[in-house]
Amino acid sequence: MLNNFRTHKRVVLRRIREIAIERFFQVNGLFAVIVLLGIFSLLLIEGLPALQSLGFREFFINKIWDPTSFERESYGLLSMIVSTLMVTFGAMVIAVPLGILSAAYIADIAHPRTREIIKPVIEILAGIPSVVIGFLGIIVVGPLLAKVTGHSNGLNAINGSILLAVMSLPTIISISEDAIVAVPQEFKNASLALGANRWQTLVRVTIPAAMSGIVASVMLGMGRAIGETMTVLMACGNAPAMPGSFFDSVRTMTATIAIELGETVQGDIHYKSLFVIGFVLFLMTFIVNLVADVVLEKYQRVQR
Amino acid sequence: MKRIITVVIISLIAVMNISAQDFIQIKGSDTLINLVQRLSEVYMEENPNVAIAVTGGGSGVGIAALIANRIQIADASRAMKEKEKIAAEKNGVEPYEIVVGIDGLSVIVNADNGVESLTVDQIGRIFRGEITNWKEVGGKDQAISLYGRQANSGTFAFFQEFVLMKKDYSSKMKRMNGNAQIVEGVLADKAGIGYVGIGYVFGDDSKVRKGLRVLKVAKDAGSTPVMPLVAENVKSGKYPIARALYQYVNGIPSGAVKDFIVFELGPKGQKIVEEMSFYPVSGEYLKQNKKAGF
């Protein structure tokens, strides 16, 4: 009888512990969601009054951003949205082919010993602070671009694109490489057995099979590029004009927030419109991630 | 055991001494930061019981921090705006203005550039984007590339008010992060023009940096262009874009803050102002400080 009671007690205790652990993990899982919702509503609450009092047109039809103007204070976001998209697009044009090719090389072609050297080096590249990369943009990439392109200076969108490409490469390479390595050996064996050579196998079998991981890596790299602040703030010249080409100086959304938040009076219309920029930026990265998820989902279904 | 107790007591006294120290936080203008840093270093050497922290961020940032009552002294290379004074009042902060030095705000170009002098009106038109080629002001046939500061900068605001005559900057002007970055930009850009506090045009050898030219500036087309590097021109007011460098405190200063300001305005402090290539307080500003009790 006593024995029976003891076992029963032990079972109950174990149950409680199980539930407690489950709840603990649940809270941790929800934490990210709560933080995300918090950020979303903060941006919305702070930004909405500016949108209401200045109107949608002021922000999205007007091209000029100049909240401290003596003549006419204006809050147009278009030129900085274009700037951000341009710099990010340029970075992806450089980083995606380079990243996928080097991931394929490391995963499929390189000698194991070479791989052991290259992989950690790429990971170190990821650890370089953005200020340092921005500094290189000013003293190395800028003057070099000026010389090559014949412009008088190199503080422009191309400079930012090159630097952001360097910064997003580690993400793209290491995740793509993992995806390529994860492709089952049978796929490759089957392809080789059918008479395909190594190149054909890599390009037509291995890389397509790893595509979901590669797409994910590109999207993550792009997220990093869109949100990067210090590098573009230092290397792109920050002229607020609507950029006409990649050789024009540009000012991105992140740079604008970083430059102006410190000097605005809290609660001011200028302060609130910076939150509108933040909100638009948030939407942009959200869309990038959403697209990535949809693409991944589709791809995985096709594979199955 | 006795030894341990003694050690504990001694270290306690030491800790209490540190906490009894006066701590002054100074924030603001990028133009003033090197100067105020130097001033505070020398001051702290003489007064080891006072700790001073100097940070930058721009005049606007310093003034915003003073309004929020987060710091004791705000450095500013422009006077406080009406809007800021109202915000300060709302927060119960009473800004008190002191002039610590004079700056001959310098317009700089690349040494490769043939132009040696401009009028205030020409400079204004260049930075408003109305003059876009150097040949329009007697230089080579090349597009002008503009270097200025960001909206948080006092130099940006001062220049906009007194050189651009309250008109907007060209949206093509590159907004740099500080005086030093403008100097680097113009050094690397043969078609560049920029404006910086005069303390920033000199290299380690106290000569104007190689590859850089400081322009002579004329008040209008009829007057002779004047060089800001000559102290007499700035002191006498002949140089048209000289300006005061300010510090703002909350209320009539007392204690360590007052003592530091007295040091800054005294012979030793003003000598440091000159060593850092700015000019000592003189003329009208001297009277203004006197009125403020210094």
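Every chain is numbered from 1 and lettered A, B, ... according to where its sequence line falls, protein lines coming before strand lines.
For B:Asp168, the parts sitting under 4.5 Å from any heavy atom of chain A are the backbone and the side chain alike. For A:Leu233, the part lying near chain B is the side chain, with the backbone staying farther off; criterion is any non-hydrogen pair under 4.5 Å. The parts of B:Ala151 that come within reach of chain A are both its backbone and its side chain, each placing non-hydrogen atoms under 4.5 angstrom from that chain.
Near-neighbour residues of residues 137-153 of chain A relative to chain B, defined by a heavy atom under 4.5 Å from a heavy atom of that chain, comprise A:Ile138, A:Ser152, A:Asn153. Scanning residues 79-89 of chain B against chain A with a 4.5 Å non-hydrogen threshold yields B:Lys83, B:Ala87, sorted by number. Interface with chain A: from residues 113-150 of chain B, residues B:Ser145, B:Tyr147, B:Gln150 qualify, criterion being any non-hydrogen pair under 4.5 Å. The interface of residues 237-257 of chain A with chain B, defined by heavy-atom distances below 4.5 Å, comprises A:Gly237, A:Asn238, A:Ala239, A:Pro240, A:Ala241, A:Ser249, A:Arg251.
Taking each heavy atom of B:Lys166 and A:Phe70 in turn, the nearest pair found is O-CB, 2.8 Å.
The number of heavy-atom neighbours closer than 6.0 Å to CZ of A:Phe135, taken from other residues, nucleotides and ligands shown, is 12 or below. Shown here is A:Phe286, whose CZ atom has no more than 12 heavy atoms of other residues, nucleotides or ligands within 6.0 Å.
Counting heavy-atom pairs under 4.5 Å between each of A:Ser69, A:Cys236, A:Gly154 and chain B puts A:Ser69 at the top.
For the atom pair A:Thr68 OG1 and B:Phe156 CZ, the distance stands at 5.0 Å (nearest 0.5 Å). With rounding to the nearest 0.5 Å, the separation of CG in B:Asn152 from CD in A:Glu260 is 8.0 Å.
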